[in-house]
Number of protein chains: 2
Amino acid sequence: MDRFLSSAVNRIDQKGRVSVPAHFRAVLAKRGEGELYALRALDMPALDVGGLDLLDRYEQRIAQEDPFAQTADDMSFFCHGDGAFLKLDGDGRITMTDFMREHTGIEGEVAFVGRGPFFQMWEPRRFQAYREEARARLSRLRNQPGTTAFIRGPE
Amino acid sequence: MDRFLSSAVNRIDQKGRVSVPAHFRAVLAKRGEGELYALRALDMPALDVGGLDLLDRYEQRIAQEDPFAQTADDMSFFCHGDGAFLKLDGDGRITMTDFMREHTGIEGEVAFVGRGPFFQMWEPRRFQAYREEARARLSRLRNQPGTTAFIRGPE
DNA sequence: CTTCGTCCCGTTGACGCCCATGAGTGCCCA
DNA sequence: TGGGCACTCATGGGCGTCAACGGGACGAAG
């Protein structure tokens, strides 16, 4: 498996460390990503986490912009200045920093949520709430006329 | 890693010195840049800092302008005359000068902000404010119709 | 003689690296 | 089919190292 799937909640210990789910670490290893990079997601209180390929993707996008226009600068500010390295220790744990807590509201526990090519870190309750909202939106979409058949499910 | 990433806040001591984050120093060493060059950023109260390759970036921009226009001359004046060398001491610290304080409003602490090929120095609160503005602009961009898919999340 | 800049050293707190524990799970064999 | 064994993984804690920080000593310049 080469994608980040499913979710799990892990506890933060007194030293501020939390285990990255073993399954996620296996995906990283398979991809040859030794380092983790985390970004503060734009419109939700979560962190987007992945290997350095996560960063490459954004930088390619920035390269398309006029390097002296404000948009390019904002993008750089976001992906370079609003990101952080997460170092895995020998036991597959990372250390929570204030940088991460501020944006997410994470305190004692972290929800790791697979998102395919990357994963997210959430405060468990907020994740729960956001998941309900997302489901509700999709459900509404499904019951509207003229929409595609996405999420009709196997009937 | 060969790019300046993430951010950190360090304190200025009584002698006016401040540590450049070890991670940034490692990047400089990797690039073989022995000297630091600082410029007052154009549209924000920050310093752009990097090796001498930083100048290339600005000279490239000047080259885009009409050499007979006032603009080009202003830019040259700005980037060649309004820069300063920063000397690293044995412990990886630099000394804050009035040149740096004036433009940035830095007093007791400095936020070092990775920007990819260079990094910036900010007064921490102003950095925080500017970061929020940039995020808001990107968020607006993202939610506008007809825009590209930047920051939709790496799918 | 004073002041400023540079070099050097000591302290402290955070972080990386190590090992121990314990719960849960799958597997094997009786 | 049930019991037990081995393994994996999350979690806790000890300890050494290093970076950030503070301050003193020395030398050059005013």
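What you see below is based on every heavy atom in this structure, not just the backbone, and it leaves out hydrogens, waters and symmetry mates. Numbered from 1 within each chain, the chains take letters A, B, ... in sequence-line order.
With a 6.0 Å cutoff to the six-membered ring centre and a 45° limit on the axis angle, A:Arg25 does not count as a cation-pi contact of A:Phe119. The side-chain tip of A:Arg137 points at the ring of A:Tyr130 from less than 6.0 angstrom away and within 45° of straight on.
Computed from coordinates, the B:Leu88 CG to C:dC7 P distance equals 11 Å when rounded to whole Å. As rounded to whole Å, 10 Å separates atom P of D:dG22 from atom CD of B:Glu109. Atom P of nucleotide D:dG13 and atom CZ of A:Arg11 are separated by 11 Å, given to the nearest angstrom. Taking atom CE of A:Met96 as the reference point, atom C1' of C:dC15 lies 16 Å away to the nearest angstrom. Remark: C1' of C:dC4 and CG of B:Asp89 are 15 Å apart, rounded to the nearest angstrom. Computed from coordinates, the B:Asp98 CG to C:dC4 P distance equals 12 Å when rounded to whole Å. Counting to the nearest Å, the C1' atom of D:dC18 and the NE2 atom of B:His23 are 16 Å from each other. Computed from coordinates, the A:Asn10 CG to C:dA23 P distance equals 17 Å when rounded to whole Å.
In the interface, the side chain of A:Asp91 is paired with the base of C:dC19 through a donor and an acceptor atom under 3.5 Å apart. Judged by atom type and distance alone, A:Arg93 does not reach the base of C:dG16 through any side-chain donor-acceptor pair under 3.5 Å.
Classification of the A:Phe4-A:Phe24 ring pair by plane angle, with boundaries at 30° and 60°, yields perpendicular. Classified by interplanar angle (parallel below 30°, tilted 30° to 60°, perpendicular above 60°), the ring pair A:Tyr37/A:Phe85 is perpendicular.
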**Request:** Start with the C-alpha distance between A:Gln60 and A:Arg57, add both sets of side-chain angles, then the distance that settles side chain to side chain donor-acceptor pair (under 3.5 Å), and finish with yes or no.
**Result:** CA-CA 5 Å; A:Gln60 282 172 19; A:Arg57 196 186 149 77; over 6 Å; no
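Aromatic ring centres of B:Phe112 and B:Phe127 lie farther apart than the 6.0 Å criterion allows.
Contacts of A:Asp13 with the nucleic acid, taken as non-hydrogen atoms under 4.0 Å apart, involve only primed sugar atoms and P, OP1 or OP2. Among the heavy atoms of the strands lying under 4.0 Å from A:Ser19 is at least one base atom, whether or not backbone atoms are also near.
Axis orientation changes by 10° from one end of the helix from C:dC1-D:dG30 to C:dA30-D:dT1 to the other, with each end axis drawn from 5 pairs and the value rounded to 10°.
Between B:Glu102 and B:Arg40 the shortest side-chain heavy-atom distance falls below 4.5 Å.
Judged as a salt bridge (charged side-chain N to carboxylate O under 4.0 Å, His left out), and not counting sequence neighbours, the contacts of A:Arg93 are A:Asp13, A:Asp89, A:Asp91.
A salt bridge is defined here as a Lys NZ or Arg NE, NH1 or NH2 lying under 4.0 Å from an Asp or Glu carboxylate O, and A:Asp74 with B:Arg142 fails to meet this definition.
Within the 4.0 Å cut-off from OP1 or OP2 of D:dG23, at least one side-chain nitrogen or oxygen of B:Gln14 is found.
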Polar pairs (N or O, both sides) under 3.5 Å between protein and nucleotides 14-16 of chain D?
{"unit_1": "D:dG14", "atom_1": "O6", "unit_2": "A:Lys15", "atom_2": "NZ", "d": "2.2"}

